[in-house]
Amino acid sequence: MTANNVSPCSGKETDVIIVGAGPAGLSLARALAPSGLSITVVEKQELATLAQPPFDGREIALTHYSKELMQQLDMWDKVPADEIYPLRDAKVINGYSNYQLHFEQPTMARGKPASSLGFLISNHHIRRAAYEAVQPFNNVCFIAGHSIINVKNEAANRIEATLDNGQILSGKLLIAADSRFSNTRRQLGISAQIHDFGRTVIVFRMRHTLSNQHTALECFHYGRTLALLPLEENLTNCVITINNEHAGTILAMSPAQLAVDITRQLKGKLGEMHLVSTVHHYPLVGVHANAFYAQRSALIGDVAVGMHPVTAHGFNLGLSGVSILAKLINEAVRKGKDIGSQSLLAQYQRQHMPHTRVLYHGTNAMVSLFTNDSPPARLMRSLVLRISNNLPPVKKLISKQLTG
């Protein structure tokens with residue numbers, strides 16, 4: 001089955017309703033598809049956009065564990081090999097100091113020889129690979145160009161979802177995978193901790209004359225943060241996070257002005273630079289749901305936990321949650337048990353939430369410190385980098401998180 005010949009959905013009855021055909025929702029559909037469950041994916045975008053997602057500026061950092069999961073889901077090999085970029089080293093810089101917290105290229109990751117901390121893949125390539133991975137399965141169908149506007153989970157053994165065209169779907173289990181601003185999560189009555197950082201993320205690609213050495217750089221400059229994600233040796237994805245009131249100044253710059261601005265921020269480390277992509281911007285809001293399930297429903301991906309991008313764990317956590325939930329559901333199918341039981345969904349939360357809570361709150365605390373420019377905070381920022389660099393157990397713990 002090709003991307004232009006997906007299964008149409010017929011009837012209102014299905015086993016699993018997945019709301020949202022982003023990478024997390026499609027990954028779950030692919031993970032469940034071999035079980036034989038009937039799976040209906042509801043997505044507000046059209047099928048043509050799912051089949052050929054546009055470039056959106058975002059580069060996704062993937063751990064070695066995420067690579068393994070994507071391989072299991074037949075997604076990894078669907079990404080062009082020359083669009084998978086190794087992330088060999090990572091460095092963190094505070095303010096305008098030359099001191100660096102350095103995470104070197106590992107020799108081992110997850111018990112296997114490794115030559116990189118992780119990998120960088122553009123978000124649109126991951127989205128397309130996830131969509132293509134479900135195409136061979138006739139039990140996965142799509143309702144595209146529509147949204148779910150209401151959810152009813154009053155029945156003991158079914159959950160109902162009403163679409164914006166009046167169509168009603170009934171399933172044994174509903175999965176919310178739409179976005180961190182999920183309307184479905186609210187419909188399910190699940191509250192969430194929402195942290196609006198008051199900042200905007202601006203992303204774009206720059207070519208440059210000096211090598212980036214395949215090294216990521218996180219520059220916590222005063223007033224803004226600049227992250228550099230190395231793609232090709234002379235091609236880097238630049239990620240600016242800046243207070244909302246100053247974002248317009250960056251967005252109004254011409255390509256030449258933006259290149260000059262980034263070159264100045266880096267003190268010429270990458271040589272001459274010029275813009276080679278469109279510029280995209282996003283509000284910086286972190287989200288952590290207070291529960292990962294309700295009656296006959298569960299949350300995955302950004303609906304469950306939407307991370308600040310500084311630790312690059314967003315999709316890695318999403319894939320981890322997909323893996324946990326899919327294993328539980330597939331096991332229930334094999335044993336002839338209820339795929340939407342409260343005990344199954346509670347087990348999913350017990351396995352997934354402890355890790356996400358620690359990472360979410362730890363990341364927010366770190367960001368709060370490293371974007372605070374008061375004199376005491378500047379001193380503390382410097383101390384944290386030096387302690388992390390010179391205490392091997394701390395550095396090893398952080399490195400293990402980076403590699404997965």
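Checking side-chain atoms of S182 against main-chain N and O of D178 turns up no donor-acceptor pair under 3.5 Å. Listed for the Q187 side chain is a donor-acceptor partner under 3.5 Å among the backbone atoms of I149. Checking side-chain atoms of N316 against main-chain N and O of T63 turns up a donor-acceptor pair under 3.5 Å. Not one N or O on the side chain of T162 forms a donor-acceptor pair closer than 3.5 Å with the backbone of I168. Side-chain atoms of S27 do not come within 3.5 Å of backbone N or O of L319 as any donor-acceptor pair.
Atom NE2 in H208 sits 7.0 Å away from atom SG in C238 (nearest 0.5 Å). For the atom pair CG (N212) and CE (M206), the distance works out to 14.0 Å, reported to the nearest 0.5 Å. The CZ atom of R158 lies 13.5 Å from the CG atom of N153; values are rounded to the nearest 0.5 Å. The line from OG of S254 to CG of L275 is 9.5 Å long, rounded to the nearest 0.5 Å.
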Side chain to side chain donor-acceptor pair (under 3.5 Å) between R199 and N243, intermediate numbers included: CA-CA 4 Å; R199 295 166 78 83; N243 286 345; 2.9 Å; yes

Trace of the salt bridge (Lys or Arg N to Asp or Glu O under 4.0 Å) decision for D302 with R185: CA-CA 11 Å; D302 278 1; R185 185 181 60 221; over 6 Å; no

Side chain to side chain donor-acceptor pair (under 3.5 Å) evaluation trace for N290 with Q193: CA-CA 7 Å; N290 291 318; Q193 302 172 51; 3.1 Å; yes

Stepwise salt bridge (Lys or Arg N to Asp or Glu O under 4.0 Å) check, R207 with E232: CA-CA 9 Å; R207 283 208 173 273; E232 299 169 7; 3.0 Å; yes

Derivation of the ring-ring contact (aromatic ring centres under 6.0 Å, His included) call for F142 and H146: CA-CA 10 Å; F142 288 80; H146 293 286; over 10 Å; no

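Evaluation of the side-chain hydrogen bond (donor to acceptor under 3.5 Å, both in side chains) rule for H221 yields Q265 as partners, not counting sequence neighbours. R127 pairs by the salt bridge (Lys or Arg N to Asp or Glu O under 4.0 Å) definition with nothing, not counting sequence neighbours. Remark: E43 pairs with no residue by the salt bridge (Lys or Arg N to Asp or Glu O under 4.0 Å) rule, at least two apart or across chains.
In this structure, a donor-acceptor pair under 3.5 Å is absent between the side chains of Q295 and Y293.
Remark: aromatic rings of Y360 and H195 are distant, center separation not under 6.0 Å.
Contact detail for L69 and S320: the closest heavy-atom pair is CD1-N, 4.2 Å. Between F55 and S277 the shortest heavy-atom distance is CE2-CB, 3.9 Å.
Taking the ring centre of Y282 as origin, the terminal cationic atom of R58 falls inside the region bounded by 6.0 Å and 45° from the ring axis.
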